[in-house]
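Below: the structure, in C-alpha cells.
The first residue in the sequence is number 1, and the count goes up from there. This is a predicted model, so every value here is computed, not measured.
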Amino acid sequence: MSSQPRLVEVRQNVLKQNDIVARELRQRFHDAGVYVASLVSSPGSGKTAFLEKTLTLLRPDFRVAALVGDLATDNDAVRLARSQAQVRQITTGTLCHLEAAMVRTALEGWDLNELDFLFIENVGNLVCPSSYDVGENLRVVLLSVTEGEDKPLKYPTIFNTADVAVLTKMDLAEAVEFDLDAARANVERVRPGMPLLEVSSKKGVGMDDWLAFLRHLSRTR
C-alpha cells in the first residue's frame, strides 16, 4: 500500500496548524501596531547584509527588531546585532524553513508594543518557506545578480507568494554580465505587476527607494 495519501494528510495537517498560529500572530502584530516583513532567498543572496543595512538605516527614527532563522550557528544574529537593533536567533536544526510556532516562541518576553518594525529573516531556501505563513504583512523575496536571471522561472512558487522582489548586489551586475532586462521580464512573467527593487547593500544604492517603499506600506496597511 502506498504511503503517499498518508504523507499528504500529514502535510495538510501541519500546514493547517501553521496557518492557525500565523493568523494569531498577525492579529497580535496588528494589535501592537508593528509592521512585519519576512525575507526569503537562497543562500548567498546577500539577505543578511541587506537586512543589516535596513536595520541600521531605520534605527535612528524607528523602533526595529529582527528574528533570524538558520539551521545552525548564530553567526547571522551576531552580524545583525551590529546595527544595535534587538535581534534573536531561531535555530531550526534540520528544518529548511521557519514556522509560525517558532516565531511565536522566539517572541516570548518581547513587548511588541515597543516596536515599529519587525523583520523575520528566513532560512536560506527558495522552496520550503513558500508554503509557511509566519504572520508577516510583507513577504520579500531576494535574488542576487550572481544567481542568474532565470531564478524566478526556476522557483515560481516563492515569487508567486511574495509581495515584492529585491535584486541584490547590483554593484556586481556589470562584472557578472547580468541581464537586467531579462530578470525584470522573468519576474513579470511569473508574478505580473510585482514591484522589483534594485539595491546594493555594500554601496547603498537603492536603499532609499526600499526604505521609502517600506514606510509607505507601513502607513497604508
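- Put simply, Leu180 and Leu172 are part of the same group of oily side chains (I, L, V, M, F, W, Y) that touch within less than 4.5 Å, one to the next.
- Gln89 contributes atom CD, which lies 8.5 Å from atom CD of Glu121 (distance to the nearest 0.5 angstrom).
- Residues satisfying the side-chain contact (heavy atoms from CB on, under 4.5 Å) test with Val78, not counting sequence neighbours, are Asp74.
- For the pair Arg88 (side chain) and Leu67 (backbone), a donor-acceptor distance under 3.5 Å is absent.
- The distance from atom CZ of Arg26 to atom CG of Asp19, rounded to the nearest 0.5 Å, is 9.0 Å.
- Side-chain atoms of Asn18 come within 3.5 Å of backbone atoms of Asp133 as a donor-acceptor pair (strictly under, hydrogens ignored).
- Asp150 meets the salt bridge (charged side-chain N to carboxylate O under 4.0 Å, His left out) test with Lys154; sequence neighbours excluded.
- What you find for Val145 and Phe178 is that their closest heavy atoms are O-CD1, 3.2 Å.
- Counting all heavy atoms, side chain and backbone alike, Gly44 lies closest to Lys169 at O-NZ, 2.7 Å.
- The distance from atom CG of Leu25 to atom CZ of Arg23, rounded to the nearest 0.5 Å, is 11.5 Å.
- Between the side chain of Arg79 and the backbone N or O of Thr48, no donor-acceptor pair lies under 3.5 Å.
- Of all heavy-atom pairs spanning Tyr155 and Phe159, the tightest one is O-CD1, 3.2 Å.
- Residues satisfying the side chain to side chain donor-acceptor pair (under 3.5 Å) test with Arg82, not counting sequence neighbours, are Glu52.
- Residues Ser130 and Thr157 share a closest heavy-atom pair of OG-CG2, 3.6 Å.
- Leu57 contributes atom CG, which lies 5.5 Å from atom CG of Leu211 (distance to the nearest 0.5 angstrom).
- Annotation: the span from Leu167 atom CG to Glu147 atom CD amounts to 9.0 Å, rounded to 0.5 Å.
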Practice item. Check step by step if side chain to side chain contact (heavy atoms under 4.5 Å, CB included) holds for His97 and Ser131. Key: CA-CA 9 Å; His97 60 272; Ser131 299; over 6 Å; no
Point to revise | side chain to side chain contact (heavy atoms under 4.5 Å, CB included) between Leu153 and Val190, intermediate numbers included | key: CA-CA 7 Å; Leu153 304 181; Val190 173; 3.8 Å; yes
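- Side-chain contact check for Asn137 versus Leu217: every heavy-atom pair is 4.5 Å or farther apart.
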Check your understanding: Under the side chain to side chain contact (heavy atoms under 4.5 Å, CB included) criterion, do Val141 and Leu126 qualify, and how do the steps go?
Key -> CA-CA 9 Å; Val141 60; Leu126 284 178; 4.1 Å; yes
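- In terms of modelled atom types and a separation under 3.5 Å, the side chain of Glu188 and the main chain of Gly193 share a donor-acceptor contact.
- Under the 4.5 Å side-chain heavy-atom criterion for grouping Ile, Leu, Val, Met, Phe, Trp and Tyr, Leu51 is connected to Val64 within one hydrophobic cluster.
- Considering only residues two or more places apart in sequence or on other chains, Asp61 meets the side-chain contact (heavy atoms from CB on, under 4.5 Å) condition with none of them.
- For the pair Phe213/Val140, no side-chain contact is recorded, criterion being any heavy-atom separation below 4.5 Å from C-beta on.
- In this structure Asp181 satisfies the salt bridge (charged side-chain N to carboxylate O under 4.0 Å, His left out) test together with Arg184, sequence neighbours excluded.
- Clustering ILVMFWY residues whenever any of their side-chain heavy atoms sit less than 4.5 angstrom apart, transitively, puts Ile158 in a cluster other than the one holding Leu197.
- A search for salt bridge (charged side-chain N to carboxylate O under 4.0 Å, His left out) contacts involving Glu24 returns Arg104, not counting sequence neighbours.
- Checked against side chain to side chain donor-acceptor pair (under 3.5 Å), Gln27 has the following partners two or more places apart in sequence or in another chain: Asp31.
- With sequence neighbours excluded, the residues forming a side chain to side chain donor-acceptor pair (under 3.5 Å) with Ser45 are Ser41, listed by chain and number.
- Contact record, Phe117 with Leu214: CE2-CG, 3.9 Å, taken as the closest heavy-atom pair.
- The side-chain contact (heavy atoms from CB on, under 4.5 Å) check on Ser83 picks up Leu55, Thr56, Ala85, with sequence neighbours excluded.
- Met194 and Leu39 end up in different hydrophobic clusters when Ile, Leu, Val, Met, Phe, Trp and Tyr side chains are linked at under 4.5 Å.
- Using cut-offs of 30° and 60° on the angle between ring planes, the pair Phe50 and Trp210 is tilted.
- Applying the disulfide (SG to SG under 2.5 Å) test to every pair with at least one member in residues 92-129, sequence neighbours left out, gives these pairs: Cys96-Cys128.
- The side-chain heavy atoms of Val199 and Lys53, taken from C-beta on, include no pair separated by under 4.5 Å.
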Check your understanding: Which is it for Leu98 and Tyr132 under the side chain to side chain contact (heavy atoms under 4.5 Å, CB included) test, yes or no, and what are the steps along the way?
Key -> CA-CA 7 Å; Leu98 291 179; Tyr132 289 85; over 6 Å; no
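- The backbone N or O of Val40 lies less than 3.5 Å from no partner atom in the side chain of Asn122, so there is not a single donor-acceptor pair.
- Shown here are the salt bridge (charged side-chain N to carboxylate O under 4.0 Å, His left out) partners of Arg139, two or more places apart in sequence or in another chain: Glu136.
- Residues Leu143 and Ala165 share a closest heavy-atom pair of CD2-CB, 4.4 Å.
- Here the CZ-CD distance, from Arg63 to Glu114, works out to 7.0 Å after rounding to the nearest 0.5 Å.
- Connection of Ile90 to Leu107 is established within a shared hydrophobic cluster, with ILVMFWY side chains joined at heavy-atom distances below 4.5 Å, either directly or through further cluster members.
- Applying the side chain to side chain donor-acceptor pair (under 3.5 Å) test to Asp171 and every residue at least two apart in sequence or in another chain returns Ser200.
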